[in-house]
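One structure is given below, encoded as structure tokens.
Count residues from 1 along the sequence.
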Amino acid sequence: HDRRSAGAAVSRHHVLLVGNYRPSLHLARVLARDGHVVYCGVDDPNPYLFKSKAVKECFSHSSIEHEPDIALSQIERYLLARPWMDVLIPVSDPAARLLSTFRARFEGRVRLALPSRETVDLCADKTASFA
């Protein structure tokens with residue numbers, strides 16, 4: 001359902017997706033179709049994201065799993081150079097855990113589209129989820 005056809009105003013956001021999982025391309029397309037400007041940060045260059053018309057710009061950062069501190073700094077630098085960026089969405093589990101853990105570093109600069117750290121930790125802990 002297109003919200004614009006219902007007469008509701010849709011505000012345009014500049015959205016940074018972090019995490020190179022299959023849903024990244026689909027999410028980028030959905031967001032772009034809704035009028036948002038989409039950027040992607042990936043630790044494994046994906047030719048589909050880099051060439052997609054739905055994505056305005058992609059950048060490569062270090063592995064979130066193997067070099068989380070470096071990846072976090074690279075994501076922060078990317079955002080600092082783009083003050084218009086207003087939404088940050090982790091697409092992968094490692095990105096969700098990293099950004100959830102360090103969410104205070106982003107608060108006030110961008111809106112984080114992810115649940116609380118406790119929820120992310122619970123979802124990542126399969127044993128606790130089943131309990």
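Looking at residues two or more places apart in sequence or on another chain, you find no ring pair (Phe, Tyr, Trp, His ring centres under 6.0 Å) involving Phe106. The side chain to side chain donor-acceptor pair (under 3.5 Å) search around Ser63 returns His66, not counting sequence neighbours. Under the rule for a side chain to side chain donor-acceptor pair (under 3.5 Å), His61 has no partner lying at least two apart in sequence or in another chain. Applying the side chain to side chain donor-acceptor pair (under 3.5 Å) test to Asp43 and every residue at least two apart in sequence or in another chain returns nothing. Under the side chain to side chain donor-acceptor pair (under 3.5 Å) criterion, Arg105 pairs with Glu76, sequence neighbours left out. Partners of Arg82 by salt bridge (Lys or Arg N to Asp or Glu O under 4.0 Å), not counting sequence neighbours, listed by chain and number: Glu57.
Closest heavy-atom contact between Arg29 and Ala54: CA-CB, 3.8 Å. The shortest non-hydrogen separation linking Pro90 to Ala95 is CB-C, 3.6 Å. Summarising the geometry of Ala113 relative to Val87, their closest heavy-atom pair is CB-CG1, 4.5 Å, with the distance given to 0.1 Å. Here the closest non-hydrogen pair linking Ser62 and Ala71 is O-CB, 3.4 Å. Considering all non-hydrogen atoms of both residues, Ser92 and Gly19 come closest at OG-CA, 3.7 Å. Of all heavy-atom pairs spanning Val55 and Ala28, the tightest one is CG2-CB, 3.8 Å.
In this structure, the side chains of Val42 and Cys58 stay at 4.5 Å or more apart for every pair of heavy atoms. Using a 4.5 Å cut-off on side-chain heavy atoms (C-beta onward), Leu17 and Val15 make contact. Here the side chains of Val18 and Leu98 are not in contact, with every heavy-atom distance at 4.5 Å or above.
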Going through the distances and angles, do Ile89 and Leu16 end up as a side-chain contact (heavy atoms from CB on, under 4.5 Å)? CA-CA 6 Å; Ile89 302 175; Leu16 175 59; over 6 Å; no
Test side-chain contact (heavy atoms from CB on, under 4.5 Å) on Arg111 and His13; report intermediate values, then the result. CA-CA 10 Å; Arg111 184 180 318 164; His13 293 284; 3.9 Å; yes
Verdict with reasoning, Leu31 to Val38, per side-chain contact (heavy atoms from CB on, under 4.5 Å): CA-CA 7 Å; Leu31 290 168; Val38 180; 3.7 Å; yes
Going through the distances and angles, do Phe59 and Tyr39 end up as a side-chain contact (heavy atoms from CB on, under 4.5 Å)? CA-CA 8 Å; Phe59 79 101; Tyr39 306 80; over 6 Å; no
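Separating the CG atom in Asp93 from the CD1 atom in Ile64 is a distance of 11.0 Å, to the nearest 0.5 Å. In this structure, CZ in Arg103 is found 4.5 Å from CG in Leu114, a value given to the nearest 0.5 Å. Distance check, rounded to the nearest 0.5 Å: CD1 of Ile75 to CG of Leu88 gives 7.0 Å.
When hydrophobic clusters are built by joining Ile, Leu, Val, Met, Phe, Trp and Tyr residues whose side-chain heavy atoms come closer than 4.5 Å, directly or via intermediates, Leu80 is not grouped with Val37.
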